[in-house]
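Written out below as structure tokens is the structure these notes cover.
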There are 2 protein chains.
Amino acid sequence: MTKQRTGTIPVDPTSAEPCCAPLSARRISHEAADRLAPAFRALGDPVRLRLMSMIASAPGGEICVCDLTPAFDLSGPTISYHLRTLREAGLVDAERRGTWVYYRPRPAMLRQLARLLAVDGTTGG
Amino acid sequence: MTKQRTGTIPVDPTSAEPCCAPLSARRISHEAADRLAPAFRALGDPVRLRLMSMIASAPGGEICVCDLTPAFDLSGPTISYHLRTLREAGLVDAERRGTWVYYRPRPAMLRQLARLLAVDGTTGG
DNA sequence: CCTCTGATTCGAGAAACGTCAAGACAGCCT
DNA sequence: AGGCTGTCTTGACGTTTCTCGAATCAGAGG
């Protein structure tokens with residue numbers, strides 16, 4: 001039995017439809033809350049927030065795990081666990097090329113979350 | 001010894017300085033990650049995401065707990081626990097007026113999170 | 001004062017999370 | 001093939017989270 005590999009995801013947030021008006025515009029639906037909360041939860045850990053930022057701000061649009069791990073005082077498996085959490089939340093994508101594994105952001109999901117948090121008068125802030 | 005009451009907060013995210021460029025613009029600092037991750041974590045639960053939306057979209061800018069509780073299949077204390085989590089994350093404010101307690105959103109914190117998630121080309125769809 | 005209603009805090013238990021060491025897998029190189 | 005390096009998975013352990021019932025606090029009103 002072949003286990004799932006890098007990039008395969010149990011629940012598929014790949015289908016990031018352009019969902020959901022801002023929280024302040026109308027009440028979010030029960031289902032949308034169930035679908036989007038995991039993404040916020042994934043960002044709700046300082047390590048993962050930093051990982052997300054390192055990935056999202058990577059110069060070539062992607063970054064090697066080998067460049068992520070040494071930035072933390074954590075074991076390899078722990079970083080791998082956090083990266084998987086980000087992957088399963090639909091926030092990043094992973095691809096193996098030869099020896100190394102590269103991570104990329106998923107702008108669609110980030111946009112969806114940003115839109116949800118948008119406040120009336122954001123431009124004025 | 002008087003315990004803390006509604007509105008008093010252990011760690012004070014009230015000082016919501018206009019912090020932090022988008023995640024994709026540069027790497028978030030260690031400290032900013034520590035300070036903002038709790039807010040994302042607070043939104044990382046379906047119940048709290050719905051509560052946040054109900055509060056943020058309340059017609060008069062505020063909503064009574066008595067209108068929040070019946071919307072969920074959860075006990076009063078559980079709703080109260082989630083509301084406190086949102087309060088301590090700096091996402092909402094509470095005020096007691098007579099018998100009832102009213103909750104208001106904190107747009108500054110929401111803006112801060114939205115800005116952090118902003119993606120280059122958000123306006124471009 | 002006592003009681004009643006609404007909201008929070010306290011105490012406890014089940015489930016999920018974050019971390020690591022050990023092991024497994026994937027791809028290079030000799 | 002065999003060894004080496006980089007990454008991920010597994011198993012285990014302590015901590016945190018989520019939930020509830022019971023108790024407590026805050027006001028309104030008899």
Side-chain angles (χ1 to χ4, degrees), chain A residues 1-11 33-34 37-51 55 62-89 92-104, chain B residues 1-11 33-34 37-51 55 62-89 92-104:
Chain A
M1 161 189 189
T2 35
K3 298 290 177 55
Q4 66 192 30
R5 294 204 167 60
T6 299
T8 306
I9 292 167
V11 155
D34 284 344
F40 283 118
R41 178 181 302 245
L43 295 175
D45 180 282
V47 172
R48 288 195 293 266
L49 197 52
R50 290 171 61 198
L51 282 170
I55 295 168
E62 62 180 17
I63 188 170
C64 176
V65 172
C66 60
D67 289 328
L68 294 171
T69 304
F72 298 84
D73 265 348
L74 293 170
S75 69
T78 296
I79 296 299
S80 198
Y81 158 75
H82 285 302
L83 288 172
R84 181 171 49 149
T85 301
L86 289 173
R87 243 187 296 135
E88 293 180 352
V92 303
D93 240 346
E95 181 191 355
R96 163 159 240 144
R97 284 206 303 279
T99 303
W100 289 279
V101 175
Y102 296 87
Y103 277 76
R104 272 191 299 270
Chain B
M1 153 195 187
T2 36
K3 298 290 179 51
Q4 64 194 28
R5 295 202 166 62
T6 300
T8 306
I9 292 167
V11 155
D34 283 345
F40 283 118
R41 180 183 306 243
L43 295 175
D45 180 282
V47 172
R48 287 194 295 267
L49 198 52
R50 289 170 62 198
L51 282 170
I55 294 168
E62 62 180 18
I63 187 170
C64 177
V65 172
C66 60
D67 289 328
L68 294 171
T69 304
F72 298 84
D73 264 349
L74 293 170
S75 70
T78 296
I79 297 300
S80 199
Y81 158 74
H82 285 302
L83 287 173
R84 180 170 52 146
T85 301
L86 289 173
R87 244 188 296 137
E88 293 180 351
V92 304
D93 240 346
E95 181 192 355
R96 162 159 241 142
R97 285 207 302 279
T99 304
W100 290 279
V101 176
Y102 296 86
Y103 277 76
R104 272 191 299 268

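Both backbone and side-chain heavy atoms feed into the values below; hydrogens, waters and symmetry mates do not. Protein chains get the first letters and strands the later ones, always in sequence-line order, with residue 1 at the start of each.
- Out of D:dT9, C:dG18, D:dC20, the shortest distance to the side chain of B:R41 is found at C:dG18.
- Between the OG1 atom in A:T69 and the CD1 atom in A:I79 there is a gap of 5.5 Å [rounded to 0.5 Å].
- Using a distance-only test at 3.5 Å, with no hydrogens or angles considered, a donor-acceptor pair links the side chain of A:R96 to the main chain of A:G98.
- Side-chain proximity of B:R87 to the nucleotides C:dT8, D:dT7, D:dC20 is greatest for C:dT8.
- The 5' end of DNA chain C is approached more closely, in terms of each residue's nearest nucleotide, by B:I79 than by the other of A:I79 and B:I79.
- Note: A:H82 NE2 to A:D45 CG = 5.0 Å, rounded to the nearest 0.5 Å.
- Interatomic distance, CD1 of B:I55 versus OH of B:Y103, reported as 7.5 Å (0.5 Å rounding).
- Using a 4.0 Å heavy-atom criterion, one finds that A:S80 contacts the bases of the nucleic acid, with or without backbone contacts as well.
- Here B:G98 lies in heavy-atom contact (under 4.0 Å) with sugar-phosphate atoms only.
- Atom C1' of nucleotide D:dT9 and atom CG of A:L83 are separated by 14 Å, given to the nearest angstrom.
- In this structure, A:Y102 does not reach the D:dG6 phosphate: none of its side-chain N or O atoms is under 4.0 Å from OP1 or OP2.
- Listed nucleotides: C:dT8, C:dA26, C:dG18. Nearest to the side chain of A:D45: C:dG18.
- Along DNA chain C, the nucleotide closest to A:V47 and the one closest to A:P77 are compared, and the more 5′ of them pairs with A:V47.
- In this entry the distance linking CG of B:L74 with C1' of D:dC18 reads 9 Å, nearest Å.
- In this model, the phosphate group of C:dT9 is approached by a side-chain N or O of B:R84 to a distance below 4.0 Å at OP1 or OP2.
- Judged by distance alone, the side chain of B:R41 and the main-chain N or O of B:G44 form no donor-acceptor pair under 3.5 Å.
- Residue A:T99 places none of its side-chain N or O atoms closer than 4.0 Å to OP1 or OP2 of C:dG27.
- If you measure from atom CG of A:L86 to atom C1' of C:dG18, you get 14 Å, rounded to the nearest angstrom.
- Atoms CZ (A:R50) and P (C:dG18) sit 15 Å apart, rounded to a whole Å.
- Side-chain N/O atoms of B:T78 include none lying less than 4.0 angstrom from OP1 or OP2 on D:dC18.
- Of the possible donor and acceptor atoms, one in the side chain of B:R48 sits under 3.5 Å from a partner among the backbone N and O of B:A42.
- Relative to the side chain of B:V65, the nucleotides D:dC8, C:dG18, C:dT8 differ in distance, and C:dT8 lies closest.
- Regarding A:R96, its CZ atom lies at a distance of 10 Å from the P atom of D:dT9, rounded to whole Å.
- Straight-line distance from the CZ atom of B:R97 to the P atom of D:dG27: 13 Å, rounded to whole Å.
- Across C:dT8, C:dG6, D:dC18, the shortest atom-to-atom separation from the side chain of B:H82 is found for D:dC18.
- As rounded to whole Å, 14 Å separates atom P of D:dG27 from atom CH2 of B:W100.
- Between the OH atom of B:Y81 and the P atom of D:dT17 there is a distance of 6 Å, given to the nearest Å.
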